[in-house]
Amino acid sequence: MLAAALPRAVLRLSARRYPAGLRAAWRSGARGEGRSGRTGFERRRWARPVGGALGFLGAFSLFPRDAEEDGEDAVILLLKRAKLCPVSPQLSVMKGELGEAEKLLHEALRLSHQSENRKAIIYTYSMMANVAFMQGQLDNAEKLYKASMSYLLAGDTKEDDNAILEMSLKLASIYAAQKQHKLALAGYEFCILTLEEKIAKQKDLPEDVLPAEEKANTRLLLGMSLDSYARYLLNINQLPAAQKMYEKALQISKDVQGETHAQTVVLMSDLATVLDAQGHHDEAYSYVKRAAELAKETQHPEEHMVLNNLAAILMHKEDFLQAKQVYKEALKQAQQKGDVASVQHIQEELAELAKRRKGSK
């Protein structure tokens, strides 16, 4: 199978040039339209497994915090200044400091090579890849992820290591966005099948051999892979297959993180979306209604998006009055949160609702 040899085979493929701009899929009722202003095909919603792509970076915590800027310690200080350390890898992005972060990371990479610090080299490549990925610079992100994987595989890291699997997942999502369907499918297949086999092998291992947290991390990475694959399948209109992936991802999130976890809530809403798209409006409503209840109870940061999906499904059920009320609440929350893309989308949905109401009279 193509997927069986993916990690090493994919490293031999040359990167192609693609447009830098890339918009994430916005969960818009049953439409699956790209409405979000967020960059990156992979909108990160899963609680990140600590044993995933950043797991091997824990060695940095062994270095002194007050180290002087020479040799290995200079690399650590540069990475901290870039605000892309393991404690807060997204902070620089949120503060709009990507340009400065890139400069610091390039300097960190130079020092890492000078000191022949393999962990620092891998760490810096992976952080540079993440920055490029979030900026939508897919060809550059692809090269950098491959560089990280090459260093890992050249050492004693196995192909089923969670670090390799998470970067393989990111490569699959890049290929999906680039419409390189053969590579995308092979990537998703490799990640999911390898993780399923790994989980089956780990299932009966005692706590002193493999801690429960490590098992949970691997299951969460499988859930993240299923979620990403489901969104890809939804985008290419493979709805029954997408539904199956969402159902599996949702079950993992419930089992590992609980029903009230933010990721579980979003997956309920996403599953409702794909059910609604297939005309299963009543089943879709039961999922999205529960998602909306949990979003309200937990003050979910994307409650307005869940409400938007609820309103869309109510509209498709021709409960126009209730749909309008929910859309208005979603719009209010989106405005309060400054989510311009969501505001625009909800306003468009309200206009569509008005047309449907008029046509039904």
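Just so you know, residue 1 is the first one in the sequence shown, and it goes up from there. Remember, predicted model here, so these are calculated numbers, not experimental data.
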Please check if the number of heavy atoms outside E207 that lie under 6.0 Å from its CD is greater than 12.
yes
More than 12 heavy atoms from other groups under 6.0 Å of CD on Q336
yes
I'd like to know if the side chain of [X] and the backbone of [Y] have a donor-acceptor N/O pair within less than 3.5 Å.
X	Y	result
S228	S225	no
K337	P301	yes
T264	G258	yes
Q278	V274	yes
K248	L222	no
D227	G223	no
S148	S126	yes
N308	H304	no
H300	A262	yes

Does a donor on one side chain and an acceptor on the other come within less than 3.5 Å for [X] and [Y]?
X	Y	value
H181	Y232	yes
Q263	Q257	no
Y175	E142	yes

Determine the minimum heavy-atom distance between [X] and [Y], stating which atoms define it.
X	Y	result
M245	A230	CB-CB, 3.6 Å
F190	E159	CZ-O, 3.7 Å
A129	A141	O-CB, 3.8 Å
Y246	L267	CD2-CD2, 4.0 Å
S269	V306	OG-CA, 4.1 Å
M128	L109	SD-CD2, 4.0 Å

Atom pair [atom1]/[atom2] of [X] and [Y] - distance to nearest 0.5 Å:
X	Y	atom1	atom2	value
K244	Y229	NZ	OH	10.0 Å
L250	E259	CG	CD	9.0 Å
K355	M315	NZ	CE	11.0 Å
E116	R118	CD	CZ	10.5 Å
L331	I346	CG	CD1	5.5 Å
L275	H281	CG	NE2	10.5 Å

Under the side chain to side chain donor-acceptor pair (under 3.5 Å) definition, can you give me all pairs with a residue in residues 319-330, not counting sequence neighbours?
Y327-E349, E329-Q333
Given side chains that start at C-beta, do those of [X] and [Y] come closer than 4.5 Å, heavy atoms only?
X	Y	result
H316	R356	yes
S168	I164	yes
I174	Y145	yes
E107	R110	yes
F133	S173	yes
M268	E293	no
N162	K198	yes
L271	Q243	yes

List the steps and the verdict of side-chain contact (heavy atoms from CB on, under 4.5 Å) for D282 and K317.
CA-CA 8 Å; D282 291 336; K317 285 169 61 66; 2.7 Å; yes
Evaluate N130 against M127 for side-chain contact (heavy atoms from CB on, under 4.5 Å), listing each step before the verdict.
CA-CA 5 Å; N130 288 338; M127 290 298 96; 3.1 Å; yes
Group every Ile, Leu, Val, Met, Phe, Trp and Tyr by side-chain heavy-atom contacts under 4.5 Å, then state whether L210 and L195 land in the same group.
no
Is it the case that one hydrophobic cluster holds both I236 and L226, taking links as side-chain heavy atoms less than 4.5 Å apart, direct or via other members?
yes
Verify side-chain contact (heavy atoms from CB on, under 4.5 Å) between Q202 and E214, making sure each step is shown before the conclusion.
CA-CA 10 Å; Q202 293 178 346; E214 290 293 324; over 6 Å; no
Those residues at least two apart in sequence (or on a different chain) that pass salt bridge (charged side-chain N to carboxylate O under 4.0 Å, His left out) with D160 are none
Quick one: do L152 and D161 satisfy side-chain contact (heavy atoms from CB on, under 4.5 Å)? Show the steps, please.
CA-CA 10 Å; L152 283 170; D161 187 275; 6.0 Å; no
